[in-house]
Amino acid sequence: MNQTKPQILLTNDDGIESPGLWAAAEALSGIGYVWVAAPRDQASSTGRSLPLSSDGRISIQQMTVHGQEWTVHAVGGTPAQTVQHGILEIIGQKPDLVVSGINYGFNLGTAVTISGTVGAAMEAAAFGVPSLAVSLETDQKQIYTHSRDVDFSQAAHFT
């Protein structure tokens with residue numbers, strides 16, 4: 001493990017292929033070592049759930065994003081479960097920060113705890129790790145997609 005930089009665990013609820021995840025990864029890589037562990041599949045609206053039906057399998061993959069090679073971990077589970085696997089198995093210790101996002105669609109109001117994005121950050125906080133959930137308001141039709149038409153640059157900047 002690279003100990004010279006802050007260790008950042010990055011996750012989301014939109015899945016490992018999400019362009020929002022990769023916008024955050026690129027932005028965060030400038031300030032720390034980014035461990036990417038995200039749900040293998042779409043896991044929106046799962047809150048902080050830990051369903052018994054999740055298989056918990058961790059698949060290590062190589063992905064190329066904007067010419068950079070990344071080793072990533074696709075987890076068979078919810079965002080909260082992914083945070084648990086990230087801390088306990090993938091990194092093997094508490095990171096300095098957990099970031100969840102960048103989510104397609106905003107997370108606010110009374111339904112905020114339904115969000116898998118927020119659920120992942122809440123799970124990290126339960127481990128005593130500072131955490132952040134990041135979302136971007138998008139057109140409703142783009143929420144359950146991996147649309148490349150969404151510009152995550154401003155959300156990445158603020159992340």
Side-chain angles (χ1 to χ4, degrees), residues 1-63 65 68-136 152 154-159:
M1 178 182 345
N2 182 340
Q3 290 290 342
T4 60
K5 289 182 162 187
Q7 303 296 298
I8 302 168
L9 174 60
L10 175 64
T11 193
N12 70 0
D13 72 354
D14 293 320
I16 197 76
E17 302 277 339
S18 173
L21 180 74
W22 294 106
E26 288 182 294
L28 294 167
S29 67
I31 62 169
Y33 183 85
V34 180
W35 296 81
V36 178
R40 176 181 59 222
D41 304 307
Q42 172 62 254
S44 293
S45 302
T46 56
R48 200 172 156 208
S49 66
L50 307 171
L52 295 175
S53 60
S54 298
D55 65 32
R57 291 191 179 121
I58 301 170
S59 170
I60 300 172
Q61 304 171 2
Q62 296 295 318
M63 293 184 75
V65 180
Q68 183 176 353
E69 286 292 319
W70 291 81
T71 299
V72 302
H73 303 82
V75 178
T78 65
Q81 289 171 311
T82 300
V83 167
Q84 290 179 351
H85 287 291
I87 293 171
L88 300 173
E89 296 176 80
I90 296 168
I91 301 174
Q93 65 184 38
K94 289 182 186 180
D96 297 301
L97 175 68
V98 171
V99 176
S100 181
I102 300 168
N103 186 62
Y104 282 81
F106 53 82
N107 289 306
L108 47 89
T110 57
V112 71
T113 59
I114 294 169
S115 164
T117 304
V118 174
M122 290 172 61
E123 189 65 22
F127 272 86
V129 178
S131 58
L132 175 70
V134 184
S135 299
L136 176 68
F152 288 99
Q154 291 300 311
H157 170 78
F158 286 102
T159 300

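What you see below is based on every heavy atom in this structure, not just the backbone, and it leaves out hydrogens, waters and symmetry mates. Given the structure is predicted, the values throughout are model-derived calculations rather than measurements. Throughout, residue positions are numbered sequentially from 1 according to the sequence presented.
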Under 3.5 Å: donor-acceptor pair, side chain of [X], backbone of [Y]:
| X | Y | result |
| --- | --- | --- |
| Lys94 | Phe127 | yes |
| Ser131 | Ala121 | yes |
| Glu17 | Gly15 | no |
| Gln81 | Thr78 | yes |
| His85 | Ile58 | no |

Please find the pair of heavy atoms, one from [X] and one from [Y], that lie closest to each other, and give the distance.
| X | Y | result |
| --- | --- | --- |
| Ala25 | Val34 | O-CG2, 4.1 Å |
| Tyr104 | Gly20 | CE1-N, 4.5 Å |
| Pro6 | Asp96 | CA-OD2, 3.3 Å |
| Val134 | Thr117 | O-CG2, 3.8 Å |
| Asp13 | Gln42 | O-OE1, 3.1 Å |
| Ala37 | Leu9 | CB-CD1, 3.9 Å |

Are [X] and [Y] side-chain neighbours, meaning at least one heavy-atom pair lies under 4.5 Å?
| X | Y | answer |
| --- | --- | --- |
| Ile16 | Asp41 | no |
| Asp14 | Leu21 | no |
| Pro79 | Pro39 | yes |
| Leu97 | Pro130 | yes |
| Ile8 | Tyr33 | no |
| Ile60 | Ile90 | no |

[atom2] on [Y] to [atom1] on [X], rounded to 0.5 Å:
| X | Y | atom1 | atom2 | value |
| --- | --- | --- | --- | --- |
| Glu123 | Gln84 | CD | CD | 4.5 Å |
| Trp70 | Trp22 | CH2 | CH2 | 6.0 Å |
| Thr71 | Gln61 | OG1 | CD | 10.5 Å |
| Arg48 | Ile114 | CZ | CD1 | 15.5 Å |
| His73 | Leu10 | NE2 | CG | 12.5 Å |
| Asn107 | Ser44 | CG | OG | 8.5 Å |

With no hydrogens and no angle check, do the side chains of Trp35 and Gln7 hold a donor and an acceptor under 3.5 Å apart? yes
Tell me whether Asp55 is salt-bridged to Arg40, with the criterion being a basic N under 4.0 Å from an acidic carboxylate O. yes
